Amino acid sequence: MHFDQGELVAVLTTQPLDRTLDYKAPEGGCFLGAFVEVPLGPRKVLGVVWGAGRGDFDRSKIRSVIRVLDVAPMREEMRLFLQRAADYTLTPMPAMLRLATRAPGLGDPLSMRKIYRLGSGMPDRMTDARARVLEVLRDYGGLAFTLKELAEMAGVTSSVVKGLVKQGTVREEDSPRDLPYPHLDPDRPGKALTPDQTAAADTLRAALRSGTYGTTLLKGVTGSGKTEVYLEAVAEALRMGRQALVLLPEIALTAEFLTRVEERFGARPAEWHSGATMTERRRVWRMVGQGDAQMVVGARSALFLPFRDLGLIVVDEEHDTSYKQDDGVHYNARDMAVLRAAICGARVILASATPSLESWANAEAGKYDRLDLTSRFGAAVLPDMKTIDMRAEKMQPGTWISPSLRQAVQARIEKGEQSLLFINRRGYAPVTLCRACGEQIACDHCDARMVEHRFLKRLMCHQCGETKPMPEACPACGVEGKLAPVGPGIERLAEEAEATFPDTRIAMLSSDLFGSARALKAKIEEIAEGDADIVIGTQLVAKGHNFPNLTLVGVIDSDLGLHGSDLRAAERTFQLMRQVAGRAGRADKPGTALLQTFQPEHPVIRAILSGDEEGFWRAEAAGRQAAGVPPYGRMAGIVLSGPEVGPVFDVGNVLARNDAPLRQIGAQVFGPAPAPIARIRGRHRVRLLVKAPKGAPIQDAIARWIAPLRLKGDIRLTVDIDPQSFY
Ligand SMILES: [Zn+2]
Ligand SMILES: [Zn+2]
């Protein structure tokens, strides 16, 4: 659909307005979906032509679109996806458009850079430096280099190259900065697959060839070859000329994974993650839109890239909680992947060793297909899992490694194998207590205790990130020298390990100990190559890293996740323990997982040990069904926040009293109550929970419920449909 110059068009902008704005189409007209720059007050803003203008405004006052950007227009499928995602998450459209345009400089003219290649002129005199430059250019045939690359490879200064340009010996050219990605070849021979894996790959390939939407849950333990299997589905999408997107939790986006893709297809895919530079992001965004990136490997927001013909979305580690975005737009990338695929006729593969209960239930109900990979790749077997009953262990005060676990680690050290000690707590100690008055040091801005980080020599609030130096005296009673750490964090466990196992190499893996994701990934690779005897890690070690020489996993506190009020506490503990245990025993060495617990008879601990996963899911599903909670009922969290607690509660009470739109659909509202974390960054938080029967139109009812509300002052309201955690 094309609009001629002067015709009215409705433009959706990224500005927080509740409607599209009318503009006149620019000289040369514009297509529906075109990315445009429009005037808004004194500013120029980015927008998309969303349809015909409404014409309900004085035509003489309507301004013109400034220009159409030199990028592929947004496809109808993408506009529909943003609209449905907005309806589902109750997010205003401008916020959705911001998600879909998170690449800087989209409005800039195609950026160029200088490149250098061999010219024909002869230099007036030849020096050693000049000869080296010519040698590099001749060695690489007709290839072109940037100035920096060429100078570095020849070991000369850039002025040497510039001198040769003047002589015509080296040619300087302009070249677009954003180049297409190298071609991926789906027909290179892949790894040899086992019969089990071949059968699964065949099923996925056939599903792709159908060309219609469908979702498959691909379940397989660590090492069962899930990646190899879904890469065959990617290959099929590429053969069909369609694009593939593989989503990974940010931290699992490792060089190791990209290398596997490169081995399979002969080149690296496009990458989309928080560590990518602005230039890389813009290149991915543009190339995806024009079909010059066949495959993207990315974090959750890659779902909002403007694919030209998306044929497959893989959500790896689909149970991972990091797929849920909990600030700004509250969306779950797993659910949005299914939505996007349904709109564009793509296939979805949800891969996991420990699926979310939602996906398990969808497969049970026949909404998703399910494929199980049972045998581990190669000869390795699942680790032998046992509990260590902490009630029977003789523990020194202030220590957490039991004698039984110590023995097991010692045995691994003697055999030259690695052990992992797992504790899901960052920092040195979760609580700092005054032994004089009982005060626990808390954050000044949040309803949370400060966590001591000895590595940083500070106390840190894990809610708001605020830090302060460790005080000498108790802030409450002023007594000096009585502040004491209580409970273990990863740093304190490392201290204990160093004392218990002298002369061993100990590596600590926690997200906050490294300046950047890249530094962390480098460390992980060093460990995989055998650079440590004992690895001490938090949750991030559970995510897909392969440590081939690791044969023992010791879980310091298996009970940590069992006590939350969160409805997913049991599910999360089950998944986490199974994932962590799965780190032990790869390749040809059998592994052991030891779980320290004070309640070895707890049903979740027993389910983890028995390995009866289906039994665990069935019991968990029955419990949730009885309670009418997700996935057998619907929930939404409403959080109100503001600087004063009183007015925030008042708004919550107004909402609770006027719940007619909710009652009409059979939904109930609970609260207002202080949110589990009642204050974050100085803002008081009050929560209401909406619970509705499965299938009830909860978004529509909530929209009608909150519409009459007029928020005064600095009070904010956020809606979280299908909340993952209740914070
Ligand atoms: Zn005190
Ligand atoms: Zn705080």
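From a predicted model like this one, the values you see are computed outputs, not experimental measurements. Each ligand, and each atom within it, is numbered from 1 in the order the structure gives.
- Residue side and main chain included, Cys443 places an N/O/S atom under 2.8 Å of the Zn ion (ligand 2).
- Put simply, CD on Glu495 and CE on Met508 are 9.5 Å apart, with the number rounded to the nearest 0.5 Å.
- Taking the charged nitrogens against the carboxylate oxygens, Arg505 and Glu526 have no contact shorter than 4.0 Å, which rules out a salt bridge.
- Angle SG(Cys434) to the Zn ion (ligand 1) to SG(Cys477): 110° [nearest 10 degrees].
- For the pair Arg454 and Tyr428, the distance from NZ or CZ to the six-membered ring centre is under 6.0 Å and the angle to the ring normal is within 45 degrees.
- With salt bridges taken as basic N to acidic carboxylate O contacts below 4.0 Å, one links Lys324 and Asp720.
- Residue side and main chain included, His445 places no N/O/S atom under 2.8 Å of the Zn ion (ligand 2).
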